[in-house]
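Residue numbers begin at 1 in each chain, while the letters A, B, ... track the order of the sequences.
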4 protein chains.
Amino acid sequence: MATETRGRMTAMPVISAKRMQDRIDAIVEAATAVFGAKGYEAASIAEIARAAEISDGLIYRYFSNKRDLLYRVLEAFYERVVAALEKEAANGATFEDRLHALIRRHLGNFVADRELCRLFLSEVRVASDYKGSAIQNLNRRYVSVLTALIEAGIGQGEVKADASPRLVRNVIFGAIEHIAWPYVNGDGKLDVDETAKAVTALIYGGIGIPAKT
Amino acid sequence: MATETRGRMTAMPVISAKRMQDRIDAIVEAATAVFGAKGYEAASIAEIARAAEISDGLIYRYFSNKRDLLYRVLEAFYERVVAALEKEAANGATFEDRLHALIRRHLGNFVADRELCRLFLSEVRVASDYKGSAIQNLNRRYVSVLTALIEAGIGQGEVKADASPRLVRNVIFGAIEHIAWPYVNGDGKLDVDETAKAVTALIYGGIGIPAKT
Amino acid sequence: MATETRGRMTAMPVISAKRMQDRIDAIVEAATAVFGAKGYEAASIAEIARAAEISDGLIYRYFSNKRDLLYRVLEAFYERVVAALEKEAANGATFEDRLHALIRRHLGNFVADRELCRLFLSEVRVASDYKGSAIQNLNRRYVSVLTALIEAGIGQGEVKADASPRLVRNVIFGAIEHIAWPYVNGDGKLDVDETAKAVTALIYGGIGIPAKT
Amino acid sequence: MATETRGRMTAMPVISAKRMQDRIDAIVEAATAVFGAKGYEAASIAEIARAAEISDGLIYRYFSNKRDLLYRVLEAFYERVVAALEKEAANGATFEDRLHALIRRHLGNFVADRELCRLFLSEVRVASDYKGSAIQNLNRRYVSVLTALIEAGIGQGEVKADASPRLVRNVIFGAIEHIAWPYVNGDGKLDVDETAKAVTALIYGGIGIPAKT
DNA sequence: CATGAATGAGTGTTCATTCAT
DNA sequence: AATGAATGAACACTCATTCAT
């Protein structure tokens, strides 16, 4: 009887991998909207399910819990911006050009995805489960683009040899985040071009006029 | 004391102003400890009341709600650090010395009051009720110390004339916060002296080596 | 300032101990009714609170959780029947009379409190948290009344010297429970007098006619 | 095989009766293991399906619901022990021997199938759907073996003529169950031989020493 | 003034069962 | 026949806040 198989039947999957991915995408999209609009706590699974036009329970087939869903929303976002930043890193003739491009791109992300940035800054990076998460890894990849640029700059003699790439990177990201936060939090504006230029100039050139000896 | 009455003349304080202030201080002290140890959400009014050795309900005579109590805890803290920073601002011979002193002091605050800093960064500044709060005003006073220093530096010809005091201030505070955060969040160490020196040097001197013309 | 006290204020309790006990009694009474009528799982805290005319949350001031409430319901019941059985143990001239009285009383309990007995047999004794519970201790006290009677009977020469009090006690309680169960479970009747007589006679006299040698 | 068709003639079994029976057996076997190990509530259909290496949904082609599956598990078990007990009933020279043999066998079942016995005692016999079930019928057949033995004993003049077979049977099963329960429930040991002897002696001979006249 | 009993809204999660494929 | 994706009902528990005493 050739048609008899042993063990688990390997019939055609009832749902195609594509449809499954569509489901995940739909849920992530709905969750992105709801989390973005109301924040993590105020958002309810029921509302997300309604937005995705599925039942509450189905969310738990694809995501292990509400927190997991939040993380997946931000992972999807982070993957996108990491890829874009890595691509950006190649552009620019001089070190200063490249630095400016990265700073500009980073600032631009806050404008393009204000709500996801707020979600990340106010509900995830600050949380106890951030450490060791996939998001933290993505964040590391993101910031390492800048570290690499600085190291290259040192190697090329375009950056002071005693500059600490890690410190410079922290100063840049910290500065930008601080500047962008009021805007991200819904208060104030953010002029990407001008800010990028000003920050680049400051970091590159410092502010001091050495006392004449 | 003749002003002490019984019955319902509630307009007249039945306990002395001093005792009332002692109460408030005791509650704030207890709340500081509990909020610091467990975070805002995880802390309960009942636990704070127990720590202050009073009843739950009495807290509501002095504070309008849990959130208000949190803010008062941080206001007390902020008042302390603002005063200290304003005093610090006077020290130092050159601009660079003064800048270094402020940066050092700011970093030192993260170490001295790690838990309150975490509370502020992760539960207050990020929240929707931060805008317009007394805390925000204190924060403005705090950061304006640095703005004033930079303006003075420009006036004295020690700082580039085209430097934007607001931008520089944001870069400095953002940078420091970003650098200190892992430590504040309970992960990693923070070498105040070294970090202060490095940040000061970077901000003051920039990182670039201008291309020779 | 003589009116100032230190530490926790010892004002008159806002609620008297009696009123507190009344509350507990009311909740236990309501829970007894609801658990008895619907069983443990099917009963909801909301329904019990409604029956006791209080809010859901108040139940949790007096009982740590739903399970605890169930146990307290049955403890109250068990305390009652243990006391009654212990009192009963004194009655009766001969051993056989006393044995009969205890058996009768035990059977009577099933009739008088059918629903609580069912609750105990079907939802508690069978559960994993029964071992080590207060209920198990009460049960031990309950059954030890019979053990003591048998031991006394042996001492008085009214019971075979080689009878194991523990075994006899188990046989009697097991037998009665088995006989009463259909009734307790809502199926069939239970003639207490007749059953008590028959069980007593069987245990006391056995069923065998020794083969003549 | 000509009867095998493709398409929608669903009235005709597409798989052979034998294979169908194998399926049922596999599911029952898997369910026996899972229910035995975790209890009814804690066991999930998904886990049983996984253990049987089929899909969740297929279980519902052979069993109408989870409860039905539980009953079929216990029916299979009961059929086995009923047959064994009926066979046992023939052994033994005297009434006392035969009684002893049945008691011994019954106790032995608790040891041999502790988990299924616990399942039956704690999740089925106690439930509202037990009455009228196939299990109850099997139970009746099981216990009637003992009733028949006693009736025969009366007929042979080996048992008191006024003994009620039903009562005696209930006393014996109730007693044994009560004695075995702690063991079945995972607490304590059970010495089958000794217990069987002691119970037999007690039932057969009673405990009383008639007062001298 | 001080107490602490009382309130009650609010929601993530599981899983037996169904049914489109 | 077999799959497994999809459904959706159901509920204990917490705790900030109020207010009778």
Side-chain angles (χ1 to χ4, degrees), chain A residues 3 5 8-16 19-20 23 41-49 54-62 64-67 69, chain B residues 4-8 10 12-15 19-20 23 41 43-47 49 54-61 64-67 69, chain C residues 3 5 8-16 19-20 23 41-47 49 54-62 64-67 69, chain D residues 4-8 10 12-15 19-20 23 41 43-49 54-61 64-67 69:
Chain A
T3 60
T5 59
R8 181 162 298 276
M9 296 292 152
T10 51
M12 281 301 291
V14 172
I15 194 169
S16 67
R19 173 137 177 237
M20 197 161 144
R23 273 271 194 262
E41 291 293 347
S44 79
I45 288 289
E47 186 175 1
I48 293 168
I54 56 163
S55 67
D56 295 23
L58 191 55
I59 288 182
Y60 289 86
R61 176 171 296 275
Y62 297 103
S64 49
N65 51 41
K66 189 185 176 185
R67 196 79 193 158
L69 181 51
Chain B
E4 281 204 17
T5 58
R6 307 224 163 259
R8 49 209 70 227
T10 52
M12 187 145 307
V14 175
I15 64 174
R19 185 158 165 209
M20 198 159 145
R23 266 283 164 62
E41 291 292 346
S44 78
I45 289 290
E47 186 175 0
I54 56 165
S55 68
D56 297 21
L58 193 55
I59 288 181
Y60 288 86
R61 179 164 295 275
S64 51
N65 53 40
K66 189 185 177 186
R67 198 77 194 158
L69 181 51
Chain C
T3 59
T5 59
R8 182 161 296 277
M9 298 290 151
T10 52
M12 281 301 291
V14 172
I15 193 171
S16 68
R19 174 133 176 241
M20 196 162 146
R23 272 272 193 264
E41 291 293 347
S44 79
I45 288 289
E47 186 174 1
I54 56 165
S55 67
D56 295 23
L58 192 55
I59 289 181
Y60 290 86
R61 176 170 295 273
Y62 297 103
S64 49
N65 51 41
K66 189 184 176 186
R67 197 78 192 157
L69 182 51
Chain D
E4 283 203 18
T5 59
R6 307 221 165 261
R8 46 210 72 227
T10 52
M12 190 147 305
V14 175
I15 64 174
R19 185 159 163 209
M20 195 160 148
R23 267 282 163 63
E41 291 292 347
S44 79
I45 289 289
E47 186 176 0
I48 293 168
I54 56 165
S55 67
D56 297 21
L58 193 53
I59 288 182
Y60 288 85
R61 179 165 297 274
S64 50
N65 52 41
K66 189 185 178 187
R67 197 79 194 157
L69 181 51

Trainee: Between C1' on E/dG8 and CZ on C/R61, what's the gap in Å once rounded to a whole number?
Mentor: 14 Å
Trainee: Quick one: the dot-bracket string of DNA chain E, using Watson-Crick and G-U wobble pairs with both distances under 3.5 Å, [ ] for crossing pairs and | for bases paired to another strand.
Mentor: .||||||||||||||||||||
Trainee: Can you sort out the partners of A/S44 under side-chain contact (heavy atoms from CB on, under 4.5 Å), two or more places apart, ordered by chain and number?
Mentor: A/A46, A/E47
Trainee: Before you tell me yes or no, could you show the steps for A/Y60 and A/I45 under side chain to side chain contact (heavy atoms under 4.5 Å, CB included), namely the whole-Å CA-CA distance, both residues' side-chain angles and the distance that decides it to 0.1 Å?
Mentor: CA-CA 10 Å; A/Y60 289 86; A/I45 288 289; 3.6 Å; yes
Trainee: CD1 of D/I59 to CD1 of D/I54: how many Å apart, nearest 0.5 Å?
Mentor: 4.5 Å
Trainee: What does nucleotides 8-13 of chain F look like as a protein-contact string, B for base, S for sugar-phosphate only, - for none, at under 4.0 angstrom between heavy atoms?
Mentor: B---SB
Trainee: With side chains defined as the heavy atoms from C-beta onward, is the minimum distance between A/K66 and A/I48 less than 4.5 Å?
Mentor: no
Trainee: With sequence neighbours left out, write down each residue that passes salt bridge (Lys or Arg N to Asp or Glu O under 4.0 Å) with D/R61, or none if nothing qualifies.
Mentor: none
Trainee: Below 4.0 angstrom from OP1 or OP2 of E/dA20, is there any side-chain N or O of A/R19?
Mentor: no
Trainee: First locate atom CZ of B/R23, then atom CG of B/L58, and finally report the distance between them rounded to the nearest 0.5 Å.
Mentor: 5.0 Å
Trainee: Tell me the interatomic distance from A/L69, atom CG, to E/dT13, atom P, rounded to whole angstroms.
Mentor: 10 Å
Trainee: Rounding to a whole Å, what distance do you find between A/Y62:OH and F/dA5:P?
Mentor: 6 Å
Trainee: Rounded to whole Å, please give me the gap between CD1 in C/I54 and P in F/dA20.
Mentor: 19 Å
